[in-house]
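Atom set for the values below is all heavy atoms of this structure, side chains included, hydrogens, waters and symmetry mates excluded.
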Amino acid sequence: MSDSHLNTSPSEANELSASDSQKATELIVLASRFVRAASRRSGRERSTIVLRTLSNLTLAGPMRIGDLASAEHITQPTMTGVLKRLEAEGLVKRKADPFDGRAQLIDITPMGKEALDDFRKKATRRIQPALAQLTLEERQTLWRASGIFEALSKQLDVL
């Protein structure tokens with residue numbers, strides 16, 4: 001899928017109509033609601049912050065604690081506590097930062113990847129009956145929209 005529809009200047013990107021701005025707000029609310037509904041009763045033993053931290057490490061690779069805290073909009077001491085628990089469970093590990101001998105990077109372990117994959121499989125199973133009720137055209141629309149969501153996420157990650 002082409003990202004060309006996202007190649008706008010910052011001034012153009014801020015020029016949504018009032019109606020489109022309202023729809024953007026609704027999109028955020030509905031996407032969050034969908035994720036919460038998909039994760040509900042999925043056998044989730046871990047908190048949302050833990051799952052997002054594991055997801056960030058899977059997506060970005062090893063990260064510094066401060067960068068993880070920033071990505072999750074929490075304080076560094078709070079992230080340190082989260083990481084201590086994850087490290088004790090064997091889901092993450094610390095390693096030296098090759099560019100700064102004083103710093104450490106946090107990396108996801110195979111067990112951490114397995115925990116995240118397990119959660120995602122359970123959440124996928126949770127939504128499958130609802131998706132099966134959609135028409136083929138509606139499902140195809142969702143699959144196309146997922147590509148747009150991915151492109152938007154990439155663009156927002158660099159802003």
Under a 4.5 Å cut-off applied to non-hydrogen side-chain atoms, are [X] and [Y] in contact?
{"X": "P129", "Y": "Q133", "value": "no"}
{"X": "P98", "Y": "L105", "value": "yes"}
{"X": "L54", "Y": "F119", "value": "no"}
{"X": "L27", "Y": "F149", "value": "yes"}
{"X": "L57", "Y": "L68", "value": "yes"}
{"X": "L142", "Y": "L131", "value": "yes"}
{"X": "R139", "Y": "L134", "value": "yes"}

Tell me whether [X] contacts the main-chain N or O of [Y] through its side chain, where contact means a donor paired with an acceptor under 3.5 Å.
{"X": "S55", "Y": "L51", "value": "no"}
{"X": "E138", "Y": "T135", "value": "yes"}
{"X": "T109", "Y": "L91", "value": "yes"}
{"X": "S70", "Y": "G66", "value": "no"}
{"X": "T80", "Y": "Q76", "value": "yes"}

Evaluate the criterion side chain to side chain contact (heavy atoms under 4.5 Å, CB included) for residue pair M63 and I106; output intermediate values, then yes/no.
CA-CA 5 Å; M63 297 174 71; I106 305 299; 5.7 Å; no

So how far is it from [X] [atom1] to [Y] [atom2], rounded to the nearest 0.5 Å?
{"X": "L16", "Y": "Q22", "atom1": "CG", "atom2": "CD", "answer": "12.0 Å"}
{"X": "S21", "Y": "K23", "atom1": "OG", "atom2": "NZ", "answer": "11.5 Å"}
{"X": "I65", "Y": "L83", "atom1": "CD1", "atom2": "CG", "answer": "5.5 Å"}

Is it true that [X] and [Y] make a salt bridge, defined as a side-chain N closer than 4.0 Å to a carboxylate O?
{"X": "R94", "Y": "E87", "answer": "yes"}
{"X": "R64", "Y": "D100", "answer": "yes"}
{"X": "R46", "Y": "E89", "answer": "yes"}

Take R126 and S39 through the test side chain to side chain contact (heavy atoms under 4.5 Å, CB included) and record every step on the way to the result.
CA-CA 8 Å; R126 168 110 167 94; S39 8; over 6 Å; no

Is L30 reachable from I127 through a run of I, L, V, M, F, W or Y residues, each pair having side-chain heavy atoms under 4.5 Å apart?
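Each belongs to a different hydrophobic cluster.
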
Give a yes or no on whether V92 and I49 share a hydrophobic cluster (residues Ile, Leu, Val, Met, Phe, Trp, Tyr; joining criterion: side-chain heavy atoms under 4.5 Å apart).
yes

Please name the pair of heavy atoms, one in G90 and one in M111, separated by the smallest distance, quoted to 0.1 Å.
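Shortest heavy-atom contact: O-CB, 3.6 Å.
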
K113 vs D117, salt bridge (Lys or Arg N to Asp or Glu O under 4.0 Å): CA-CA, chis, key distance, verdict
CA-CA 6 Å; K113 288 179 183 177; D117 288 345; over 6 Å; no

Determine the sole option in K121, R120, K122 for which the side chain to side chain donor-acceptor pair (under 3.5 Å) test with D118 is passed.
K122

Could you please spell out the steps behind the side-chain hydrogen bond (donor to acceptor under 3.5 Å, both in side chains) verdict for T141 and R144?
CA-CA 5 Å; T141 298; R144 285 190 304 276; 3.2 Å; yes

Near Q128 CD, under 6.0 Å, is it more than 12 heavy atoms from other residues, nucleotides or ligands?
yes

Evaluate whether atom CD of E114 has more than 12 neighbouring non-hydrogen atoms of other residues, nucleotides or ligands under 6.0 angstrom away.
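Atom CD in E114 is not packed in, count stays at 12 or less.
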
Working for side chain to side chain contact (heavy atoms under 4.5 Å, CB included), residues V50 and S47:
CA-CA 5 Å; V50 164; S47 71; 3.3 Å; yes

Checking E72 against M79 for the side chain to side chain contact (heavy atoms under 4.5 Å, CB included) test, could you report, in this order, the C-alpha distance in whole Å, the side-chain angles of both residues, the deciding distance, and whether it holds?
CA-CA 9 Å; E72 292 307 319; M79 180 55 76; 3.9 Å; yes

